[in-house]
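Working notes, structure below.
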Amino acid sequence: MGLLALLRKLKSSPDKELRILLLGLDNAGKTTLLKQLASEDVSHITPTQGFNIKSVQSSGFKLNVWDIGGQRRIRPYWKNYFENTDLLIYVIDSADRKRLEETGEELRELLEEEKLAGVPVMIFANKQDLVNACAAHEIAEGLNLNSIRDREWRIQPCSAISGEGVRDGIEWVIKTCNSKKK
Amino acid sequence: MKLKRFLLRYYPPGIILEYEQGGLLKTKSIDLLDLRPETDTDLVVEEIARKEQLITSSKIDQVRKLVQRLQEKIGQKDEHHFYLFKVLRAHILPLTNVAFNKSGSSFITGSYDRTCKIWDTSSGEEMHTLEGHRNVVYAIAFNNPFGDKIITGSFDKTCKLWDVKEGKCYHTMRGHTAEIVCLNFNPASTLVATGSMDTTCKLWDVEKGVETVSLGGHTAEIISLSFSSSGSEIITGSFDHTVVLWDVRSGKRIQSLVGHKAEISSAQFNWDCSLIATGSMDKTCKLWDVGSGRCIGTLKGHEDEVLDVAFDYTGQMLLTASADGTARCYNAVTHNLVSKLEGHEGEISKITFNPQGTYVLTASADKTARLWDPETGNCKQVLEGHTDEIFSCAFNYEGNTIITGSKDNTCRIWR
């Protein structure tokens with residue numbers, strides 16, 4: 001994937017291709033989720049300093065998934081990647097109770113972005129395999145997700161490490177985009 | 001016409017004549033592209049004297065000395081072993097492109113962090129950070145050979161003209177309606193051309209910072225552009241599968257090069273601008289005759305998309321780099337395959353000759369850059385160390401320094 005491939009992926013995607021943006025705080029599990037989607041080894045993952053892109057085939061669709069680093073100092077650059085986004089996946093570390101407020105704040109700001117207006121959002125309540133993880137409904141309440149009225153959204157509990165719940169989430173992603181693209 | 005002085009140009013070999021005509025100082029170049037160390041010097045000098053009226057009999061001795069100097073320079077076959085000189089934690093996000101100024105004293109890096117940085121090559125120190133773009137800085141260029149200005153093109157749809165010394169922005173040029181992804185100065189440094197995902201190429205006046213002409217007609221993104229050596233023509237390569245040759249002054253289309261069956265990845269002139277080479281996602285590279293606009297050769301053999309093409313400085317050799325992980329070196333005149341460069345473990349996204357034409361440099365998704373002997377295809381060196389794929393690479397004019405820009409946010413200097 002050289003620079004040229006990046007340019008090709010910038011273009012607005014044809015019918016059977018979806019441009020999906022994967023965001024969330026650092027250590028939320030975005031890259032693990034990306035690798036899980038691509039059926040790759042998830043045992044050695046380091047913090048993403050820039051971005052990772054993978055194309056995954058699913059239900060007749062080609063998902064071009066952009067996983068963007070979530071460290072605080074590079075969050076202002078998330079805007080670089082908003083153009084032509086079909087769907088936003090927002091990943092939350094359900095066991096990191098101390099930063100639930102921070103992740104809620106980042107999500108709220110994303111939903112106010114003009115370039116992401118109306119873009120459906122899939123929220124993965126990740127790390128459900130950890131004993132101290134918040135349940136998805138607790139997170140939904142804490143983040144006041146029910147107040148999202150300007151787009152389709154869904155929260156899905158999952159474990160990116162084991163893969164549990166990931167497939168269900170992606171099915172919703174495809175179903176939602178499919179009905180939007182028609 | 002009165003001859004004022006001679007200037008020597010090593011790569012490609014040539015003699016520049018500076019002369020006075022009607023009170024104006026002008027230059028013209030005598031290209032000696034076929035010159036070899038073993039070439040008969042007297043014959044070359046005779047030929048020059050016969051063709052060039054500025055070379056009077058009193059100048060013959062001087063010309064002979066210059067030709068001999070060029071032959072000596074071409075004959076120098078110093079094996080250079082490159083070592084890692086410095087790792088520059090250049091940016092906080094991945095780099096895009098890198099470029100040297102003519103002398104190689106400084107170079108620039110563009111990045112996803114929306115900045116372009118100017119670096120001192122010998123110390124590896126940062127001289128300026130060019131801030132102001134509101135999205136990825138993708139395409140960058142010095143106004144070589146002058147090297148006092150820089151142009152940066154961004155995903156924010158604008159390009160900015162900068163002063164090298166102070167790092168100040170002279171102009172922000174607005175008009176494109178999508179990302180700017182390729183650009184360059186014309187050879188006289190009076191114009192800048194920008195190619196955009198909005199399917200147009202625009203020319204901008206460097207002095208005034210205003211658009212002079214918009215080249216419209218492509219039906220898809222423009223991803224490659226190149227001025228002819230005289231600056232009177234420009235070519236644009238597009239995802240619409242075609243390359244267009246334009247007249248710079250009028251903005252009119254001269255030729256459309258139609259024949260590739262998929263997106264163009266790169267389009268380049270050879271030195272004397274008689275040929276254009278184009279790489280395409282259709283896995284081939286084509287050679288075109290500039291005069292007629294006809295395709296005169298299709299170089300097949302790669303098993304995947306051709307991602308980059310490059311001539312050597314004399315325009316006699318041609319390189320292709322492919323997503324199949326290999327590169328090839330061809331004779332640009334006979335179209336014969338000279339060598340295959342095999343060894344990378346990922347796609348090769350950039351390829352270039354050193355100015356001397358003795359080494360080929362490739363940048364790959366396998367996190368390495370490699371040096372090759374174009375004649376034999378032997379890999380001379382593997383430049384290892386980057387921790388993510390390499391997006392860009394460049395040789396300085398002397399051919400003794402290399403820079404590589406990577407997705408790992410660093411830039412490395414090798415010498």
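First the proteins, then the strands, lettered A, B, ... as listed; each starts at 1. We use all heavy atoms of the structure for the numbers below, so side chains are in, but hydrogens, waters and symmetry mates are not.
With a 6.0 Å radius and a threshold of 12 heavy atoms from other residues, nucleotides or ligands, E303(B) has its CD atom at or below the threshold. Surrounding CD of E164(A) are at most 12 heavy atoms belonging to other residues, nucleotides or ligands under 6.0 Å away. The environment of R97(A) atom CZ is dense: over 12 non-hydrogen atoms of other residues, nucleotides or ligands sit within 6.0 angstrom. Heavy atoms of other residues, nucleotides or ligands lying less than 6.0 angstrom from NZ of K160(B) number more than 12. The number of heavy-atom neighbours closer than 6.0 Å to CD of E126(B), taken from other residues, nucleotides and ligands shown, is above 12.
Here the closest heavy-atom approach between residue N409(B) and residue Q49(A) is recorded as ND2-CB, 3.3 Å.
For Q71(A), no part lies under 4.5 angstrom from a heavy atom of chain B. In this structure, the portions of N135(B) lying under 4.5 Å from any heavy atom of chain A include both its backbone and its side chain. Within the 4.5 angstrom heavy-atom criterion, atoms from both the backbone and the side chain of Y112(B) approach chain A. Proximity to chain A (any heavy atom under 4.5 Å) is shown, for D113(B), by both the backbone and the side chain.
Taken from SG in C182(B) to CG in L3(A), the straight-line distance is 12.5 Å, to the nearest 0.5 Å. Taking NZ of K407(B) as the start and CG of L6(A) as the end, the distance is 8.0 Å to the nearest 0.5 Å.
The shortest side-chain heavy-atom distance between L93(B) and F51(A) does not fall under the 4.5 Å cut-off. Between M281(B) and L4(A), some side-chain heavy-atom pair lies under the 4.5 Å cut-off. Within the 4.5 Å cutoff, no side-chain heavy atoms of R8(A) are placed close to those of I223(B). Annotation: side chain of R114(B) is in contact with side chain of K79(A) (closest heavy-atom distance under 4.5 Å). Taking 4.5 Å as the limit, some side-chain heavy atom of I92(B) sits within range of a side-chain heavy atom of R73(A).
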For Y138(B) and L7(A): C-alpha separation, side-chain torsions, deciding distance, then whether side chain to side chain contact (heavy atoms under 4.5 Å, CB included) applies. CA-CA 10 Å; Y138(B) 188 85; L7(A) 295 187; 3.4 Å; yes
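Taking P76(A), G69(A), G2(A) one by one and counting their heavy-atom pairs under 4.5 Å with chain B, the maximum is reached by G2(A).
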